[in-house]
Amino acid sequence: MPRAPLLRFRTAIERGASVAQGFEAIAVGSDRWASGARRVVHRVRAGAALQDAVDAWANEERDPSVRLLADALAISAATGGSHLRAVDAV
């Protein structure tokens, strides 16, 4: 699991950013996760629901940690749980 992108995401959420802004924090990198995060941000700006954009990314990637993050965020959103705790579980 790539630690640097996940840490950027977690730090943004911890500082009060929205989940969408957390993906913007990942997008500034130059790794594969950054590329995927840019696609998430682009889809959201084009009108897609955030979870739909995250799920689309997870379906495009072979990295199981992307699917794990997508599922953790979906569960936290559906249950009203903490996104920060969801990220920590990844």
Side-chain angles (χ1 to χ4, degrees):
M1 167 154 329
R3 302 307 294 163
L6 200 55
L7 183 58
R8 287 194 304 271
F9 185 83
R10 187 195 188 291
T11 300
I13 299 295
E14 187 175 45
R15 292 181 177 167
S18 68
V19 173
Q21 291 168 325
F23 279 101
E24 290 173 3
I26 295 173
V28 300
S30 59
D31 55 22
R32 199 171 80 201
W33 270 51
S35 175
R38 284 191 290 274
R39 292 193 306 274
V40 169
V41 170
H42 175 75
R43 287 176 175 131
V44 169
R45 289 181 180 163
L50 178 61
Q51 191 61 50
D52 291 342
V54 175
D55 287 339
W57 175 36
N59 289 331
E60 295 164 356
E61 288 290 330
R62 293 180 178 247
D63 183 347
S65 58
V66 173
R67 170 52 56 199
L68 183 59
L69 177 62
D71 290 347
L73 292 173
I75 291 168
S76 67
T79 62
S82 164
H83 293 303
L84 187 59
R85 290 185 69 150
V87 171
D88 285 344
V90 174

>> In this structure, would Leu84 and Leu68 fall into the same cluster of hydrophobic residues linked by side-chain contacts under 4.5 Å?
In response: yes
Closer than 3.5 angstrom, by distance alone: can the side chain of [X] be matched with the main-chain N or O of [Y] as a donor-acceptor pair?
{"X": "Ser76", "Y": "Leu73", "result": "yes"}
{"X": "Arg67", "Y": "Ala58", "result": "no"}
{"X": "Arg8", "Y": "Ala25", "result": "yes"}
{"X": "Glu24", "Y": "Ala37", "result": "no"}

Could you tell me whether the side chain of [Y] reaches within less than 4.5 Å of the side chain of [X], counting heavy atoms only?
{"X": "Phe9", "Y": "Trp33", "value": "no"}
{"X": "Arg38", "Y": "Val41", "value": "no"}
{"X": "Val54", "Y": "Val66", "value": "no"}

>> Please give me the minimum heavy-atom distance between Ala56 and Arg43, naming the atom from each residue.
In response: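 What the structure gives for the nearest pair is CB-NH1, 3.6 Å.
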> Between Val44 and Ala53, what is the shortest heavy-atom contact and its length?
Replying inline: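 Here Val44 and Ala53 meet closest at CG2-CB, 3.8 Å.
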Between atom [atom1] of [X] and atom [atom2] of [Y], what is the distance when rounded to the nearest 0.5 Å?
{"X": "Glu14", "Y": "Leu7", "atom1": "CD", "atom2": "CG", "value": "9.0 Å"}
{"X": "Asp55", "Y": "Glu60", "atom1": "CG", "atom2": "CD", "value": "11.0 Å"}
{"X": "Gln21", "Y": "Ile26", "atom1": "CD", "atom2": "CD1", "value": "13.0 Å"}
{"X": "Arg10", "Y": "Arg15", "atom1": "CZ", "atom2": "CZ", "value": "11.0 Å"}

> Between the side chains of Ser35 and Arg39, does any donor sit under 3.5 Å from an acceptor?
Replying inline: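 The answer is yes; a qualifying pair exists.
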